[in-house]
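Read through the structure below, which is laid out as structure tokens, and then see the notes.
Fair warning: this is a prediction, and the values are worked out from it, not measured in the lab. The chains referred to below are lettered A, B, ... by the order of the sequence lines, with proteins before strands, and numbering in each begins at 1.
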Amino acid sequence: MADDPLVIAGREFGSRLILGTGGAGNLAILEQALLAAQTELTTVAIRRLDTGARTGVLDLLVRHGIEPLPNTAGCRSAPEAVLTAQLAREALHTSWIKLEVIADDRTLLPDPIELLDAAEQLVDDGFTVLPYTNDDPVLARRLAGVGCAAVMPLGSPIGTGLGIGNPHNIAMIVAEAQVPVILDAGIGTASEAALAMELGCDAVLLATAVTRAEDPPRMAEAMRLAVQAGRHARLAGRIPQRFWAQASSPQRP
Amino acid sequence: MADDPLVIAGREFGSRLILGTGGAGNLAILEQALLAAQTELTTVAIRRLDTGARTGVLDLLVRHGIEPLPNTAGCRSAPEAVLTAQLAREALHTSWIKLEVIADDRTLLPDPIELLDAAEQLVDDGFTVLPYTNDDPVLARRLAGVGCAAVMPLGSPIGTGLGIGNPHNIAMIVAEAQVPVILDAGIGTASEAALAMELGCDAVLLATAVTRAEDPPRMAEAMRLAVQAGRHARLAGRIPQRFWAQASSPQRP
Amino acid sequence: MADDPLVIAGREFGSRLILGTGGAGNLAILEQALLAAQTELTTVAIRRLDTGARTGVLDLLVRHGIEPLPNTAGCRSAPEAVLTAQLAREALHTSWIKLEVIADDRTLLPDPIELLDAAEQLVDDGFTVLPYTNDDPVLARRLAGVGCAAVMPLGSPIGTGLGIGNPHNIAMIVAEAQVPVILDAGIGTASEAALAMELGCDAVLLATAVTRAEDPPRMAEAMRLAVQAGRHARLAGRIPQRFWAQASSPQRP
Amino acid sequence: MADDPLVIAGREFGSRLILGTGGAGNLAILEQALLAAQTELTTVAIRRLDTGARTGVLDLLVRHGIEPLPNTAGCRSAPEAVLTAQLAREALHTSWIKLEVIADDRTLLPDPIELLDAAEQLVDDGFTVLPYTNDDPVLARRLAGVGCAAVMPLGSPIGTGLGIGNPHNIAMIVAEAQVPVILDAGIGTASEAALAMELGCDAVLLATAVTRAEDPPRMAEAMRLAVQAGRHARLAGRIPQRFWAQASSPQRP
Amino acid sequence: MTVTVNGQHWELPEGSMLGDVLDRLGVPSSGVAVAVDGAVVPRASWPARTLRAGATVEVFTAVQGG
Amino acid sequence: MTVTVNGQHWELPEGSMLGDVLDRLGVPSSGVAVAVDGAVVPRASWPARTLRAGATVEVFTAVQGG
Amino acid sequence: MTVTVNGQHWELPEGSMLGDVLDRLGVPSSGVAVAVDGAVVPRASWPARTLRAGATVEVFTAVQGG
Amino acid sequence: MTVTVNGQHWELPEGSMLGDVLDRLGVPSSGVAVAVDGAVVPRASWPARTLRAGATVEVFTAVQGG
């Protein structure tokens with residue numbers, strides 16, 4: 001059934017599911033998952049050459065025409081994140097950056113102060129900035145205000161699989177957003193991805209839920225379907241909730 | 001991606017979404033919704049001729065090769081339900097019956113005593129009985145025990161759109177079910193249909209959520225995708241939930 | 001602050017917390033817990049003499065003027081439960097009985113058919129019947145219909161500590177109840193006991209949450225306060241929920 | 001039952017319920033509510049004389065020996081909040097301030113950047129700062145890091161009565177807090193206040209839930225009891241949750 | 001004699017057959033079921049089934065529902 | 001004759017009375033109830049109740065539970 | 001000269017003192033704070049504080065809130 | 001002179017060029033970025049960029065993540 005494309009910074013995407021590549025056991029599994037997800041945009045991290053981190057992912061993306069979205073994962077400060085973004089631009093010839101500035105290793109939650117600072121610098125430097133943020137509507141507004149191309153609030157902390165901890169916050173972010181809202185982090189299963197879209201998010205970004213599932217390609221398929229399902233449900237206008245029942249068969253004579 | 005068929009009483013179905021036909025504004029809309037849902041089994045009610053109730057639905061189902069599943073909607077007692085099932089068998093030449101014995105018009109909840117009584121009588125009479133029941137694991141067990149071909153616990157009362165009120169009960173029913181478990185009633189939006197499948201249900205039956213949505217065909221599409229998504233997610237083995245975060249990008253040097 | 005007494009079968013109780021005595025490590029701890037709970041009615045089980053089960057509880061109750069409420073715990077059929085109730089009446093000189101007819105050891109859920117049968121027989125035999133039931137509004141209505149003095153729906157299965165699994169069902173039971181509604185089983189912590197009362201229950205019955213807590217007397221105190229808190233909150237008329245904020249300080253000039 | 005006092009900045013409080021005075025229909029009702037709540041610390045706002053805002057509250061607090069806690073409600077920027085705090089100190093001879101720096105009138109959510117800035121300035125100026133913050137564990141950590149005497153995360157936006165939207169965030173804040181955690185804003189009914197304490201909060205601050213209830217004094221009583229109940233439940237060590245049941249009566253022979 | 005058909009009272013000659021009544025009612029040849037006095041009468045038995053005075057005939061079909 | 005009391009087999013002289021058995025068992029004077037062959041026997045009937053061979057006597061009391 | 005006091009424009013003789021203005025305003029002796037041109041003026045400084053033309057005086061107190 | 005390349009200490013002749021170092025390191029012609037002393041050096045500048053003693057050279061690429 002027809003749907004508008006997702007438009008970020010003037011660029012159109014047919015898929016509303018953005019996949020992360022972290023956590024996959026090997027490239028073969030990752031490849032099957034990416035294809036099952038039918039994603040058009042996929043995150044990669046930037047690390048030192050020969051540090052043993054899994055490379056080869058780039059060739060994989062190129063081979064399937066999937067756009068890489070570099071992130072600044074692991075950065076703890078604005079300067080670190082800005083440098084990492086510049087390295088990513090140089091290495092991948094893209095000015096798009098998923099901006100992550102985390103506060104600590106235990107929660108991996110974004111640091112609101114450093115994040116906003118880095119976002120402002122990168123926008124000024126010509127980047128298309130997609131910030132990973134918490135679910136605070138005020139911070140989301142401020143990030144959009146400094147020129148971010150989208151806001152990516154978390155459902156719950158990275159890798160927890162706790163789903164959308166605070167749907168009300170996501171709904172408030174959506175209610176006033178002037179840029180696409182992409183639910184990022186915390187999704188554990190398909191119904192949560194569908195809920196994100198029903199709340200009005202424009203897309204969903206997830207990695208662990210797929211790459212660390214028992215059967216990554218099948219979970220990728222599940223997420224692809226769930227994002228479409230939630231999107232259609234949002235557009236279809238759900239029935240209101242009521243306390244008492246309402247018959248779906250005609251009354252009997 | 002491959003999936004086993006749904007098997008009820010030895011009969012295979014490719015679709016795990018059973019649609020109800022009640023509540024649709026007109027047959028044209030209903031037809032589009034049925035096709036979008038790609039359902040293979042669809043409920044109809046049994047009413048007196050010329051009572052003004054919407055007929056013509058049968059031709060529609062026949063035209064598209066969709067199997068009709070007559071229900072006993074509106075029946076308040078075992079004898080009423082048994083007679084209605086017999087009329088349905090005579091009129092539609094099918095021994096399959098969705099058994100409903102409700103207690104009152106305000107909750108439309110099943111009456112456990114009358115329901116079990118009717119189920120037993122109909123099984124003895126050679127029917128393939130699919131009972132609409134509450135989410136009590138004990139009643140579900142008893143219904144299976146008297147020979148029902150499936151159990152169809154509610155998520156919440158008919159038409160409320162409150163979703164799955166008690167996932168723990170559904171999980172307990174699934175944990176011991178020897179027959180297919182079909183989540184019936186209460187679903188309001190796609191994520192709830194996906195959740196039903198993630199809990200281990202074998203199929204979902206819904207009507208109001210689609211027929212009374214603002215855009216029924218689109219909601220039918222959403223439900224079709226959601227049921228598939230939830231099914232795949234269940235099979236794919238979701239990640240465990242954790243309190244603290246887990247990185248999806250490699251640590252930095 | 002003033003409150004009406006709880007009235008069951010014409011008898012008044014100042015306390016709306018009914019405690020069970022099962023699971024306590026020893027009588028001394030149990031005694032402290034009963035006193036901290038300030039309960040006026042407390043369940044006991046009926047077992048064969050010298051089977052090693054903890055006796056002495058009766059003297060404890062008598063010493064503190066706490067009314068014993070015998071139960072039919074462990075009974076699987078109506079006849080078993082009826083006999084147990086008659087034994088309790090003979091042994092304790094009370095016609096009050098907490099009626100339990102469970103279906104299996106894994107869920108300890110009530111069997112709706114046997115429960116209703118036993119309730120009807122015991123009412124006819126002159127008992128004041130307080131049935132432990134599931135949260136099905138229809139079964140609750142039927143139990144009240146055959147003359148039970150109260151209905152005691154579960155929050156969740158006995159000993160699980162899962163709280164109130166389906167608040168909507170409890171609210172529906174309360175909405176039409178002609179007899180007191182006592183939330184029984186599943187409570188794990190104080191906020192859940194308060195919620196039960198906010199939903200409109202007239203009292204709460206719990207055992208495991210107190211007797212198996214790390215500090216039973218303190219948890220008993222917590223439950224006593226929580227039941228009062230929830231009761232007052234129900235009577236006080238809570239504020240409506242709203243999507244957007246509402247200032248509690250005057251606007252500034 | 002014995003409990004430690006709440007200690008903020010070296011000062012002890014016997015009550016763990018802090019009441020706000022906003023929203024009360026008149027001083028007589030407010031007085032009854034304050035007494036029923038048995039609060040020892042109560043917020044007031046700072047406004048221009050003769051602006052028609054309700055005065056007289058100060059005499060009321062003095063008369064009952066309740067400590068006033070001035071707030072900076074309505075301030076939108078750090079400078080505004082700092083000036084308001086200084087005015088409060090001059091007018092009330094207290095260096096304690098409930099710091100509020102909100103971002104907009106629709107959500108009344110705190111602005112994390114301005115809030116942290118104001119907190120740092122006020123701590124340097126010798127204030128005992130109690131900041132109203134969102135439920136972001138990172139911001140809470142930073143506020144404690146600059147020397148705030150407590151952190152006061154919201155349950156949900158001011159006046160919404162939506163309760164604790166994200167218990168996981170509150171639990172994470174509590175898990176690492178070096179200063180008292182006071183759940184502030186969003187509480188609608190007693191069970192939610194109890195839950196805040198069960199999550200490990202040291203106190204609860206609320207206004208609307210009491211002052212706008214149908215019966216404010218009774219709701220104040222409910223909240224007083226609920227905070228005690230939740231506190232005791234936390235200390236008592238609740239039972240674990242389990243999927244299947246566990247008998248509270250001995251097995252039968 | 002009087003017979004009730006789907007709630008309507010009909011005057012019929014003694015010994016009328018169910019089949020005739022249904023023909024006059026224009027009951028379709030498929031997709032319907034008939035109950036006389038609360039019991040199903042199989043299609044094959046319609047022609048030969050005599051109606052007694054005061055009989056209640058009800059004709060059912062499938063409609064949207066559930 | 002043999003009688004089963006709370007699961008134990010007892011050898012008793014023909015015509016033994018329930019009351020005697022309960023006395024020998026040291027059953028307390030209150031807080032207990034007795035069932036013979038699955039039916040409650042009120043306290044007042046204990047002394048005069050004769051036990052048949054093979055009878056099952058069970059003595060119950062209240063314990064912690066519920 | 002013109003001075004703004006809590007949003008009202010007042011005509012005052014040159015060199016008026018803050019203390020005089022507050023006295024005429026009937027500002028209570030406790031529970032209030034005063035800001036002149038956006039800065040707090042401690043009570044002790046009220047008498048000796050000269051107001052400049054165009055000064056903004058604001059008097060604050062505690063009200064119900066929060 | 002000593003230069004640090006991706007954490008390893010290298011001994012190089014004075015005036016060594018970044019380009020030469022990267023060639024010896026076998027850095028691929030695409031998909032990488034280089035920072036010297038914490039600042040990005042565009043590929044075009046590699047050949048002509050002289051390294052000072054004690055310089056820190058880091059070569060980055062894209063890996064699985066996020």
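Here the CG atom belonging to A:N134 is positioned 10.5 Å from the CG atom belonging to D:N166, to the nearest 0.5 angstrom.
For a heavy-atom cut-off of 4.5 Å, chain D lies close to A:A103, A:D104, A:R106, A:T107, A:L109, A:P110, A:D111, A:P112, A:I113, A:E114, A:L116 in residues 100-125 of chain A. Taking non-hydrogen atoms and a 4.5 Å limit, the residue list of residues 135-143 of chain A in contact with chain D, ordered by number, reads A:D135, A:D136, A:P137, A:V138, A:R141, A:R142.
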